[in-house]
Amino acid sequence: MMRELGGVFGVAVAAAFFAGAGSYASPDGFLDGFAPAVAVLAGFSAVGAIVALALPGRRRTAETAPVGAVPALEGAGGS
């Protein structure tokens with residue numbers, strides 16, 4: 001859910017910055033809006049990476065269940 005919410009939020013913020021600084025009217029207008037939008041998204045990515053590094057990792061439990069092959073049942077087809 002958080003990934004979906006982050007994607008929607010990122011697209012909305014990028015569109016807002018693009019609309020505020022540029023337009024689709026000309027290539028120059030497009031680049032005027034594209035550069036600030038990408039810069040803001042790069043900043044969000046950097047903040048997200050820093051937050052991810054600050055999160056605690058998973059701890060290994062002292063006792064783990066052994067993983068092994070499960071034998072096939074004989075006569076499972078019913079004779």
Side-chain angles (χ1 to χ4, degrees):
M1 182 179 97
M2 294 304 291
R3 182 176 57 195
E4 295 292 327
L5 182 62
V8 169
F9 183 68
V11 169
V13 168
F17 272 88
F18 177 84
S23 70
Y24 291 114
S26 69
D28 288 334
F30 183 83
L31 290 177
D32 288 342
F34 186 76
V38 170
V40 168
L41 294 179
F44 279 150
S45 295
V47 169
I50 292 169
V51 169
L53 289 173
L55 292 174
R58 293 184 179 171
R59 296 184 188 151
R60 293 190 129 191
T61 59
E63 223 177 278
T64 58
V67 177
V70 177
L73 297 175
E74 293 183 24
S79 35

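Fair warning: this is a prediction, and the values are worked out from it, not measured in the lab.
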What is the minimum heavy-atom distance between L31 and P36, and which atoms define it? O-CD, 4.5 Å
Do F44 and V38 share a hydrophobic cluster, counting only Ile, Leu, Val, Met, Phe, Trp and Tyr and linking them when any side-chain heavy atoms are less than 4.5 Å apart? no
Hydrophobic cluster identity match, V11 and Y24, side-chain contacts under 4.5 Å: no
Side chains of F17 and F34 in contact at under 4.5 Å (non-hydrogen atoms): no
Say you draw a straight line from CZ of F9 to CE of M2; how long is it, rounded to the nearest 0.5 Å? 10.5 Å
Output for pair (F18 CZ, D32 CG), nearest 0.5 Å, gives 9.0 Å
